[in-house]
Amino acid sequence: MVEGEIDCCPRLTTERLVLRKWEERDLNGLAEMNADPRVMEFYPSVLSYAESESMLARYMDAQQRDGFCFSVISEKGSERFLGYCGLKVPGYQDHLSFGPCVEIGWRLLHSAWGKGIATEAAGTWLGFGLETLQLNEIVSFTPIQNHRSEKVMQRLGMERVGEFEHPMLEDGHRLKKQVLYKMTGQRYLRQGHD
């Protein structure tokens with residue numbers, strides 16, 4: 001369900017979740033998530049509070065510029081910060097062999113893992129991107145070691161396209177090799193979404 005304007009980071013709701021634009025009040029939840037080594041296992045490093053502040057500023061800029069970005073997942077009712085999920089135009093897409101592209105991604109507080117929240121939020125964003133924004137396709141990628149995220153991509157019905165080397169990581173980096181999935185508008189409709 002979509003609430004609000006499409007051109008400025010929409011507010012989407014599911015049975016359990018509110019997917020909404022970033023606000024200053026989200027900084028503490030974002031910083032907690034980014035400082036957790038369990039959450040950041042498949043990222044180059046945990047982030048400091050200052051790095052999370054910069055990230056929040058970038059995401060707030062992106063939601064104004066692009067009309068969407070990875071956005072806040074909060075619990076319906078309590079509005080408790082659970083993580084983020086959404087669509088984003090990668091800033092380095094000129095370096096991607098499959099660019100230009102729109103990426104779907106997610107990151108959750110450890111306490112929100114194992115409850116189907118990533119799949120629920122990502123499924124809503126996938127539908128929004130392919131139906132409302134009428135994107136031709138949406139991609140998702142993660143280091144080959146990140147089986148949890150890959151399982152979410154599979155549950156969403158995305159197609160495994162192959163593997164690639166992440167252009168923003170140096171050669172030999174443990175996370176350099178990534179798995180790539182995509183969902184096209186046609187595939188989405190064939191799966192019975194309309």
Side-chain angles (χ1 to χ4, degrees), residues 3-4 8-92 102-126 128-129 138 140-153 155-156 166 168-169 173-176 178-179:
E3 303 169 1
C8 187
C9 211
R11 181 180 175 91
L12 308 173
T13 59
T14 72
E15 188 177 327
R16 301 183 292 167
L17 309 172
V18 176
L19 312 174
R20 59 168 175 79
K21 68 181 182 177
W22 290 94
E23 300 170 8
E24 294 293 343
R25 66 180 167 133
D26 299 314
L27 178 57
N28 287 338
L30 180 64
E32 175 191 342
M33 181 174 69
N34 289 340
D36 187 333
R38 297 167 298 184
V39 173
M40 302 300 284
E41 179 182 2
F42 300 112
Y43 293 89
S45 65
V46 296
L47 302 181
S48 68
Y49 194 86
E51 288 169 323
S52 288
E53 279 184 305
S54 296
M55 182 178 174
L56 178 61
R58 285 194 311 275
Y59 283 1
M60 291 177 84
D61 286 346
Q63 70 192 11
Q64 290 303 319
R65 181 184 65 246
D66 299 330
F68 58 85
C69 73
F70 292 162
S71 65
V72 174
I73 304 172
S74 62
E75 188 174 58
K76 200 181 244 183
S78 73
E79 284 280 313
R80 185 169 62 95
F81 180 94
L82 299 175
Y84 69 66
C85 180
L87 304 175
K88 189 176 99 165
V89 176
Y92 49 86
V102 174
E103 169 194 6
I104 188 165
W106 48 84
R107 187 182 302 176
L108 301 177
L109 287 170
H110 187 262
S111 61
W113 288 11
K115 300 173 183 172
I117 291 170
T119 304
E120 185 175 332
T124 300
W125 270 110
L126 207 54
F128 181 79
I138 295 171
S140 192
F141 47 90
T142 193
I144 58 169
Q145 305 96 317
N146 190 351
H147 303 297
R148 286 188 303 269
S149 271
E150 189 173 359
K151 291 279 188 215
V152 173
M153 296 170 199
R155 282 195 291 273
L156 291 169
H166 200 295
M168 304 311 285
L169 297 171
H173 193 285
R174 67 184 180 88
L175 304 176
K176 181 83 171 168
Q178 306 258 321
V179 63

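Here the structure is a predicted model, which means the values were calculated and not measured.
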Query raised in the report: Is Arg25 close enough and on-axis enough to Phe81, meaning under 6.0 Å and within 45°, for cation-pi?
Result: no
At what distance, to the nearest 0.5 angstrom, does [atom1] of [X] lie from [atom2] of [Y]?
| X | Y | atom1 | atom2 | answer |
| --- | --- | --- | --- | --- |
| Asn146 | Tyr43 | CG | OH | 7.5 Å |
| Leu30 | Leu27 | CG | CG | 6.5 Å |
| Leu47 | Ser52 | CG | OG | 5.0 Å |
| Leu17 | Glu79 | CG | CD | 11.0 Å |
| Leu82 | Ser111 | CG | OG | 7.0 Å |
| Ser71 | Leu12 | OG | CG | 7.0 Å |

Under a 3.5 Å distance rule, please check whether [X] uses its side chain to pair with a backbone N or O of [Y] as donor and acceptor.
| X | Y | value |
| --- | --- | --- |
| Lys88 | Gly105 | no |
| Gln63 | Trp22 | yes |
| Gln145 | Arg174 | yes |
| Glu150 | His147 | no |

Between [X] and [Y], is any pair of side-chain heavy atoms under 4.5 Å apart?
| X | Y | answer |
| --- | --- | --- |
| Leu19 | Arg11 | no |
| Trp125 | Pro10 | yes |
| Ser149 | Val152 | no |
| Gln178 | Ile144 | no |

Query raised in the report: Thinking salt bridges, do Asp26 and Lys21 make one under a 4.0 Å N-O criterion?
Result: no
At their closest point, which heavy atom of [X] faces which heavy atom of [Y], and how far apart are they?
| X | Y | answer |
| --- | --- | --- |
| Ile138 | Glu103 | CG2-C, 4.2 Å |
| Ser74 | Arg20 | OG-NE, 3.8 Å |
| Arg155 | Thr119 | NE-OG1, 3.2 Å |
| Met40 | Ser45 | CE-O, 3.4 Å |
| Ala31 | Tyr49 | CB-CD1, 3.5 Å |
| Thr124 | Glu120 | OG1-O, 3.0 Å |

Query raised in the report: side chain to side chain donor-acceptor pair (under 3.5 Å) with Arg58: which residues, sequence neighbours excluded?
Result: none
Those residues that, when tested against [X], pass side-chain contact (heavy atoms from CB on, under 4.5 Å) (two or more places apart):
| X | value |
| --- | --- |
| His173 | Pro44, Leu169, Glu170, Leu175, Lys176 |
| Ala122 | Cys85, Ile104, Trp106, Leu156 |
| Ser78 | Glu75, Arg80 |

Query raised in the report: Hey, is CD on Glu15 packed in by over 12 heavy atoms from elsewhere, all under 6.0 Å?
Result: no
Report task. Count the heavy atoms belonging to other residues, nucleotides or ligands that lie under 6.0 Å from NZ of Lys76, then report whether that count exceeds 12. Result -> yes
Query - Pairs satisfying salt bridge (charged side-chain N to carboxylate O under 4.0 Å, His left out), at least one member in residues 30-46, at least two apart - result: Asp36-Arg38, Glu41-Arg148
Query - Steps toward side-chain contact (heavy atoms from CB on, under 4.5 Å) verdict (Val39, Leu108) - result: CA-CA 7 Å; Val39 173; Leu108 301 177; over 6 Å; no
Requested in this report: Hey, can you tell me if Tyr84 and Phe70 have their rings parallel, tilted or perpendicular (30° and 60° cut-offs)?
Outcome: parallel
Query raised in the report: What residues form a ring pair (Phe, Tyr, Trp, His ring centres under 6.0 Å) with His110, not counting sequence neighbours?
Result: Trp113
